[in-house]
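Notes for the one structure printed next.
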Amino acid sequence: MKFVALNFLLLLLLVRYADGSGDEQLKNVLRLHSMDHDRRIEDGGSVKTRLDSSSHMDQSVMVFFTLKDLKAGNSMPIYFRKKDSSTSPRFLPRNEADAIAFSLTELPALLRFFSFSPGSPQAKAMEATLRECEIPAIKGEVKICATSIESMLVFASGILGSNSDFKILATEHHTKSNTLFQNYTILKAPDEIPAPRIVACHTMPYPYAVLYCHSQETENRVFRVSLGGENGDRVTAVAVCHMDTSQWTRDHVSFRVLGIEPGSPGVCHFFPADNFVLVPDS
Ligand SMILES: *[C@@H]1O[C@H](CO)[C@@H](O)[C@H](O)[C@H]1NC(C)=O
């Protein structure tokens, strides 16, 4: 596999990994929020929404739009959650990660290992992550919860082809802002990135870095979108549009947020800055 295109990401990840060490690192790394697992809802595929019908829709679901909304001059309210590298968990080297059980049935032992008491927000977040990781992929989808960079790369090269370079696409914030939720205007015609297959990876709340990566056989379209916020913020956002949502659960949060029929094609969402999309570099 050629790693050229991944240098940037690896560098970032390795730097993050290098500034912590061993067991101490494992125990210190995380301040998990019990809310964290709700962050996962922006994604389609096998990610099931956990918002029950009684809960109000919080701002974090404001990442969806439809393909026809994606044109220059259009405005929409978008929630971009903050990337907080000071509290982001560190990546473990593969041999270390592989030596730690990663399964729901091992949760009690894992909680003892990480010194989290059962019922604590951290315990709940770990349970939610393990549960989500163990949900089988939907039809036409492959998924992995990668516990190391190496295992993420092996998974990605299996899908994108081990002979091709990858390109990493991630949302970039060009301004520092604390306004997470605001109206943005699409500043110019979005760039479509040609991608026969894509692998999307999302960070999961866990005591060390876990990436939920998945890829669907159905058609997806990838865009880079220049956004201007109401308060002057500038964002180059990565968005993916799912052209086939027929396998999604009827109660997928996107259908409710957008007020569209379950299974409607062209459901798009923006990616927060700590997630990324891998595409073949053609
Ligand atoms: C976006 O603009 C609309 C119309 O001006 C306004 O009603 C809404 O409150 C704004 N949303 C945000 C998140 O600022």
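Whatever order the structure lists ligands and atoms in, that order sets their numbers, starting from 1. Count residues from 1 along the sequence.
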Do you know the tightest heavy-atom contact between Asp233 and Lys176? OD1-O, 4.3 Å

Any protein heavy-atom neighbour for atom 5 (O) of ligand 1 (distance below 4.0 angstrom)? no

Can you confirm whether something in the protein, heavy atoms only, sits under 4.0 Å from atom 2 (O) of ligand 1? yes

Can you list the atoms of ligand 1 that are under 4.0 Å from a heavy atom of Glu230? 14 (O)

Heavy-atom contacts with Asn183 under 4.0 Å: which atoms of ligand 1 show up? List them by number with element. 1 (C), 2 (O), 3 (C), 8 (C), 10 (C), 11 (N), 12 (C), 14 (O)

Taking the six-membered ring for Trp and the full ring for Phe, Tyr or His, determine whether the centres of Phe270 and Tyr79 are under 6.0 Å apart. no

In terms of atom number and element, which parts of ligand 1 are under 4.0 angstrom from non-hydrogen atoms of Phe181? 13 (C)

Could you please spell out the steps behind the disulfide (SG to SG under 2.5 Å) verdict for Cys213 and Cys201? CA-CA 4 Å; Cys213 299; Cys201 295; 2.2 Å; yes

Give yes if a backbone or side-chain nitrogen or oxygen of Gln182 is under 3.5 Å from a nitrogen or oxygen of ligand 1, and no if not. no

Of all heavy-atom pairs linking Ile198 and Ala195, the shortest is CG2-CB, 3.5 Å

Identify whether Ile159 and Leu278 are in the same connected component of the hydrophobic contact network (ILVMFWY, side-chain heavy atoms under 4.5 Å). yes

Any protein heavy atom sitting closer than 4.0 Å to atom 14 (O) of ligand 1? yes

Over all heavy atoms of both residues, which pair between Ala237 and Leu227 is shortest? Give the atoms and the distance, please. CB-CD1, 3.8 Å

